[in-house]
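This report concerns only the one structure given below.
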Amino acid sequence: MPNSTAQEKFYQLLQRHLLEPDCLATLTPQTENALIYAIKQSDFLYSCLQKQGDFFRQILQQPIQFADCQHYLTRLQNQLDNLTDENQLYQQLRLFRHRELAKLSYCQSLNLASVEQIFIRLSELAEACIIACRDWLYQQLCQQFGTPTNAQGIAQPLLILGMGKLGGKELNFSSDIDLIFTYPETGETQGARRSIDNQKFFTKLGQRLINALDQRTPDGFVYRTDMRLRPFGDSGALVLSFNAMETYYQEQGRDWERYAMIKARILGEDANCPYQPQLRQLLRPFIYRRYIDFSAIQALRDMKSKIEREIRRRGLTDNIKLGAGGIREIEFIAQVFQLIRGGREVSLQQQSILAILPLLSKLGLLSQEESQQLQQAYLFLRHVENVLQAINDQQTQTLPSNPQDQQRLVRACAKFKQGNEPQGIIEQQYPIADWQSFYQVLQQHQQKVRSVFDQLIGNEPQQPVPDNLAPWQDMFEEELDPQQFIQLLPADEPQQDEDIQPLLNRLHQFKQESERRPMGNRGREVLNQLMPKLLQQIFSHKNYRTLLPRILTIIEKTLTRTTYLELLLENPAALHRLLQLCAKSQLIAEQVARHPILLDELLDQKALLNLPTFEQYPAELQQYLLRLPQDDEEQFIDALRQFKNAALFHVACADILAILPVMKVSDHLTFLAEAIIEAVVNLAWQQLSQRYGVPDHLVDNQRQFLVIGYGKLGGIELGYKSDLDLVFLYNAPADGQTVGGKKSIDSSQFYLRLAKKIISIFNINTSAGVLYEVDMRLRPSGESGLLVSTINAFEHYQRHEAWTWENQALVRSRAVYGDAELRQRFEQIRTAVLAMPRDQSKLKQDVREMREKMYQHLASKDQSQFNLKKDQGGITDIEFIAQYLVLAHSPQNPSLAQWSDNVRIFDIMAQYQVIIPDCAEKLKECYTSLRNQIHHLNLLGLPSIVSADQFVWQRDFIQQLWQQLFNE
């Protein structure tokens with residue numbers, strides 16, 4: 001009964017567990033009152049007592065003391081010793097975790113321990129669950145596969161790095177745990193009938209450990225487990241040897257990984273394990289540079305900027321972790337000094353924030369007052385965080401809006417303990433009597449943190465605000481008549497009342513809309529400061545007539561999101577870039593209006609126009625996704641769309657500002673799509689394998705799944721609004737089954753469900769829109785065919801059943817995702833099919849007739865217009881010419897089937913003298929000029945149609961070439 005009082009809940013527990021009289025006889029008023037108060041503070045504690053009656057009876061007979069909250073590993077190992085199967089393991093881990101968390105919640109509510117003691121115990125509890133589970137599973141796997149050994153026959157352990165708050169022994173009540181798995185040396189198992197290599201053994205162990213901790217059962221879960229901080233993230237091996245890990249961090253480790261590694265701690269410390277010091281020594285040079293490293297400040301500033309964008313994206317308010325003056329800023333302050341000076345100052349090489357902060361004043365890096373203020377703020381904020389999460393075992397750092405939880409915070413924060421043994425524990429008291437006074441104390445701490453943070457890491461200076469804004473203030477606030485309005489417009493352009501009336505109407509409409517919106521005082525204040533600056537700059541542009549409505553639409557979409565208005569007000573350069581881009585592109589204006597989070601991308605011009613290399617898109621996407629909760633599918637899918645929108649926005653900006661030629665625009669859009677395809681397949685695979693396991697024929701990290709891109713994706717020629725033509729293939733034995741999941745299914749069914757899941761992820765319409773429209777009609781047998789085919793069935797279909805138009809489509813195909821050996825197999829099939837002998841007359845007839853059908857159904861009927869794609873002499877004719885040349889001449893020379901993009905097809909045709917070089921150059925020039933025009937029309941939000949008097953010589957040349965090739 002959620003609305004019951006704590007006292008009523010207590011009596012419900014008494015009735016539920018049918019307590020014996022002798023048990024009740026020992027119940028004292030003090031114990032009763034303490035339990036009622038603890039239940040009042042935590043719904044999680046009440047839930048745990050409901051489910052575990054023996055635990056409730058135990059508390060009544062012997063009230064909880066903080067001394068009971070220790071020796072977790074020994075106690076848990078004793079409980080696991082006699083277990084025989086993993087189901088029992090799962091249950092015991094969950095019951096143990098919930099019971100021990102409930103004890104800590106009780107101790108926190110009754111102020112029986114300090115803040116530091118609580119989060120140290122929370123960390124020790126998590127560590128015990130992880131290590132006990134690892135050791136139990138290790139023994140089980142050794143019985144099945146033998147013991148993993150190195151070349152000398154020495155047994156090899158799985159070492160686990162605890163990252164983040166777990167590594168710093170600062171865990172919250174409901175934290176995720178971030179882990180990295182590693183083992184010392186390669187080798188194979190010994191002692192079983194069948195040996196496997198160490199990599200495979202430890203991968204199986206890691207997978208089972210994650211499932212044991214993370215999987216939800218009727219008893220709940222142990223810890224949400226996040227493995228994305230490992231080398232290469234989700235796309236990397238689950239477990240790496242020491243050598244592989246060292247190579248990665250030496251050659252590819254990035255700034256954010258250095259930051260993350262500061263907190264890394266080997267779990268289950270064992271003085272008898274020679275490999276633990278070896279691992280620490282391996283990682284230390286990557287984390288701590290020998291020289292004083294001031295580049296860390298900018299790296300952390302960039303990370304903080306990304307966090308602030310994330311706050312805006314997710315609409316986070318009152319977030320005590322990520323917000324201004326929050327926990328993350330205190331962590332950054334400490335860790336910037338660790339990154340800068342930790343290589344020389346060995347005392348800074350430790351994981352705990354509370355150990356670092358006093359050192360900073362001793363080393364003269366902060367004043368003693370600043371150090372103490374940060375410590376006090378950190379303890380207060382961490383106490384608030386733990387109280388919040390202990391309410392219902394939920395991972396949250398956002399202040400509650402409901403009065404009940406607010407009162408819980410007020411009660412808990414007025415008085416609590418801080419400090420640790422042996423330094424001593426004191427009771428900290430604050431003047432907190434109600435929510436308002438609590439909020440005042442919180443803000444005081446946050447302001448002190450922000451002050452130190454801004455001095456050390458804060459943003460670079462802002463540009464000055466322009467003067468002489470009074471006339472533009474009048475324009476926004478007053479109802480101007482047309483003549484007054486005209487006086488504010490550029491003098492070199494004659495104006496009539498009827499010319500500017502639409503602008504006045506749009507401005508009036510905007511003012512009415514802004515007055516209706518619930519913006520709050522701060523929002524209105526920011527809007528009133530922003531609009532004069534905005535109008536002044538809009539009307540300094542030549543094409544202010546189109547720019548004004550575009551910008552006003554964007555501002556309308558952000559009226560209730562003050563952070564975006566502040567972004568434009570406080571960053572004049574970002575505002576200037578927005579106007580510059582929207583003046584030239586309707587597409588960008590529409591994108592920003594639809595997705596205001598794109599405004600964040602305008603903050604840094606260098607980053608805006610400094611596009612990643614084609615190979616960097618997967619890593620950029622991986623880093624972007626690392627900030628998200630691993631188990632939140634909806635947020636993950638939404639983030640894919642946000643990343644795509646932001647990347648497309650960057651490409652469009654570079655295109656508009658003439659930094660990218662048309663070919664490079666398509667390259668970027670294509671490789672962006674490939675990175676997203678990889679992430680979508682990984683997500684779909686992860687979700688299916690959790691439920692069904694993986695097909696039993698797979699080894700190591702194989703998937704034996706292939707995604708083929710056709711059309712513009714296959715030809716590396718994607719445009720801003722292109723869909724994806726995909727075909728899915730797999731390789732598996734006919735009688736295969738999945739293993740390792742909750743339910744086993746046929747391998748073929750697994751791949752079919754994988755394909756459906758991939759399409760579903762692409763098609764889900766979130767707040768950030770649809771990811772890509774996916775077209776599957778080019779699969780064997782089209783819409784009547786299977787959604788996914790074996791690669792053998794695909795080869796048979798292409799060789800014996802495919803129509804000529806399907807052979808044409810195959811020209812513009814290539815593998816865009818999949819195992820290397822399967823990619824190679826597809827390329828061999830593609831080349832062989834394209835090089836098959838053909839009846840040249842029939843080929844010519846089929847291509848001509850297919851083009852004629854398309855022309856009749858799709859081409860423009862208006863002779864005054866030219867459809868750049870579909871009319872005669874347009875893009876489609878050029879594509880058909882390229883496909884025909886490949887199909888007609890590859891049988892004599894299979895090398896001609898090498899490329900899938902039109903430009904290189906024409907190059908290789910000239911190289912092998914199929915066409916003369918001058919013809920190839922003209923074809924490429926026609927093709928790129930038409931594509932460039934289509935790109936720019938897309939940016940303007942216009943269809944791919946121009947006046948018939950444009951591209952005259954290109955059309956004539958293409959039509960003449962068509963006649964030469966196809967007329968008998």
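Every value quoted in this text rests on a predicted model; they were computed, and no experiment measured them. Keep in mind that the numbers below use all heavy atoms, side chains included, and drop hydrogens, waters and symmetry copies.
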Chi angles and distances behind the side chain to side chain contact (heavy atoms under 4.5 Å, CB included) call for Leu76, Ile131: CA-CA 10 Å; Leu76 180 56; Ile131 296 303; over 6 Å; no
Worked check of side chain to side chain contact (heavy atoms under 4.5 Å, CB included) between Gln79 and Phe96: CA-CA 9 Å; Gln79 291 186 27; Phe96 183 82; 3.6 Å; yes
For side chain to side chain contact (heavy atoms under 4.5 Å, CB included), just list the numbers for Ile177 and Asp226, CA-CA rounded to whole Å, side-chain angles, deciding distance to a tenth of an Å, and then say yes or no.
CA-CA 6 Å; Ile177 52 172; Asp226 193 334; over 6 Å; no
Q: Start with the C-alpha distance between Asp234 and Arg230, add both sets of side-chain angles, then the distance that settles side chain to side chain contact (heavy atoms under 4.5 Å, CB included), and finish with yes or no.
A: CA-CA 8 Å; Asp234 277 341; Arg230 71 186 190 266; 4.1 Å; yes
Start with the C-alpha gap between Glu127 and Arg265, add the side-chain angles, then the distance that decides, and say whether salt bridge (Lys or Arg N to Asp or Glu O under 4.0 Å) holds.
CA-CA 11 Å; Glu127 185 170 355; Arg265 179 172 61 86; 3.0 Å; yes
Steps toward ring pair (Phe, Tyr, Trp, His ring centres under 6.0 Å) verdict (Phe10, Tyr46):
CA-CA 8 Å; Phe10 176 74; Tyr46 174 65; over 10 Å; no
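With salt bridges taken as basic N to acidic carboxylate O contacts below 4.0 Å, one links Arg408 and Asp43. By the 4.0 Å N-to-carboxylate-O rule, Lys321 lies too far from Glu329 to be salt-bridged with it. Lys263 has a carboxylate O that lies under 4.0 Å from a charged side-chain N of Glu170, or vice versa, which qualifies the two as a salt bridge. For the pair Glu188 and Lys200, the salt-bridge criterion is not met [side-chain N within less than 4.0 Å of a carboxylate O].
A side-chain donor from one of Asn150 and Glu185 sits under 3.5 Å from a side-chain acceptor of the other. A donor-acceptor contact closer than 3.5 angstrom is absent between the side chains of Gln397 and Asn319. A donor and an acceptor atom, one from each side chain of Tyr249 and Glu257, are nowhere located under 3.5 Å apart. Side-chain contact, Gln428 with Lys417: no donor N or O sits under 3.5 Å from an acceptor N or O. In this structure, a donor-acceptor pair under 3.5 Å is absent between the side chains of Gln41 and Tyr106. A donor and an acceptor atom, one from each side chain of Thr84 and Gln88, are located under 3.5 Å apart.
In terms of modelled atom types and a separation under 3.5 Å, the side chain of Ser47 and the main chain of Phe44 share no donor-acceptor contact. The main-chain N or O of Ala155 is never found under 3.5 Å from a side-chain atom of Thr149 such that the two would form a donor-acceptor pair. A donor-acceptor pair under 3.5 Å is absent between the side-chain atoms of Asn172 and the main chain of Ser175, judged by distance alone. Although no hydrogens or angles enter the test, the distance criterion places no donor-acceptor pair under 3.5 Å between the side chain of Ser105 and the main chain of Leu101. Here the side chain of Gln350 pairs a donor or acceptor atom with the backbone of Ser347 at under 3.5 angstrom. Formation of a donor-acceptor pair under 3.5 Å by the Gln91 side chain with backbone atoms of Asp219 is not found in this model. In terms of modelled atom types and a separation under 3.5 Å, the side chain of Gln61 and the main chain of Ile59 share no donor-acceptor contact. The backbone N or O of Cys69 lies less than 3.5 Å from a partner atom in the side chain of Arg121, making a donor-acceptor pair. Within the 3.5 Å criterion, the main-chain N or O of Pro695 finds no donor-acceptor partner in the side chain of Thr738. The backbone N or O of Thr189 sits less than 3.5 Å from a side-chain atom of Ser195, completing a donor-acceptor pair.
Rounding to the nearest 0.5 Å gives a distance of 9.0 Å between CZ of Phe636 and CD of Gln687. To the nearest 0.5 Å, atom CD of residue Gln375 and atom CD1 of residue Ile356 are 11.0 Å apart. Note that CD of Glu427 and CD of Gln418 are 10.0 Å apart. Values are rounded to the nearest 0.5 Å. Rounding to the nearest 0.5 Å places CD of Glu86 at 10.5 Å from CG of Leu93. The line from CD1 of Ile39 to CG of Leu49 is 5.5 Å long, rounded to the nearest 0.5 Å.
Judged by the 6.0 Å distance and 45° axis criteria, Lys743 is not positioned over the aromatic ring of Tyr692. Cation-pi geometry between Arg194 and Phe145 is not satisfied (NZ or CZ under 6.0 Å from the ring centre, within 45° of the ring normal). A cation-pi arrangement is found for Arg94 relative to Tyr90, the charged atom lying closer than 6.0 Å to the ring centre and inside a 45° cone about the ring normal.
By the 4.5 Å heavy-atom criterion applied to side chains, Gln349 and Gln338 are not counted as neighbours. Ile210 is listed as a side-chain neighbour of Leu238, based on a closest heavy-atom distance under 4.5 Å. Between Ile391 and Ser42 the shortest side-chain heavy-atom distance does not fall below 4.5 Å. Side-chain contact between Phe119 and Lys165: absent, with no pair of heavy atoms (C-beta onward) separated by less than 4.5 Å. Residues Leu161 and Phe181 have side chains not in contact (no heavy-atom distance under 4.5 Å, counting atoms from C-beta outward). In this structure, Pro157 and Pro148 have side chains that are not in contact, with every pair of non-hydrogen atoms separated by 4.5 Å or more. At least one side-chain heavy atom of Leu381 sits less than 4.5 Å from a side-chain heavy atom of Ile330. Between Asn198 and Val239 there is no side-chain heavy-atom pair separated by less than 4.5 Å.
Checking Arg224, Gln394, Gln395 one by one against Ser174, the side chain to side chain donor-acceptor pair (under 3.5 Å) holds for a single residue, Arg224. Test Phe416, Phe173, Tyr378 against His383 for ring pair (Phe, Tyr, Trp, His ring centres under 6.0 Å) and you get one pass: Phe416.
With sequence neighbours excluded, the residues forming a salt bridge (Lys or Arg N to Asp or Glu O under 4.0 Å) with Arg97 are Asp393, listed by chain and number.
Considering all non-hydrogen atoms of both residues, Ala390 and Gln108 come closest at CB-NE2, 3.9 Å. Nearest approach of Ser109 to Ala38, heavy atoms of both residues: CB-CA, 4.0 Å. For the pair Ile425 and Asn420, the tightest heavy-atom approach, listed with the atom from each and the gap, is CG1-N, 4.0 Å. Pairing each heavy atom of Leu110 with each of Ala34, the nearest pair is CD2-O, 3.6 Å. Considering every non-hydrogen atom in both Ala237 and Leu240, the closest pair reads CB-CD2, 4.0 Å. Residue Ile287 comes nearest to Arg258 through the heavy atom pair O-NH2, 2.9 Å, listed as atom of the first residue, atom of the second, then distance.
Applying the side chain to side chain donor-acceptor pair (under 3.5 Å) definition to pairs two or more places apart or across chains, those involving residues 68-78 are Arg75-Glu100. Applying the ring-ring contact (aromatic ring centres under 6.0 Å, His included) test to pairs two or more places apart or on separate chains, those with a residue in residues 199-246 are Tyr138-Phe201, Tyr183-Phe202, Phe232-Tyr248.
Remark: Gln62 CD is loosely packed, at most 12 non-hydrogen atoms of other residues, nucleotides or ligands lying under 6.0 Å away. Lys40 NZ: 12 or fewer foreign heavy atoms inside a 6.0 Å radius.
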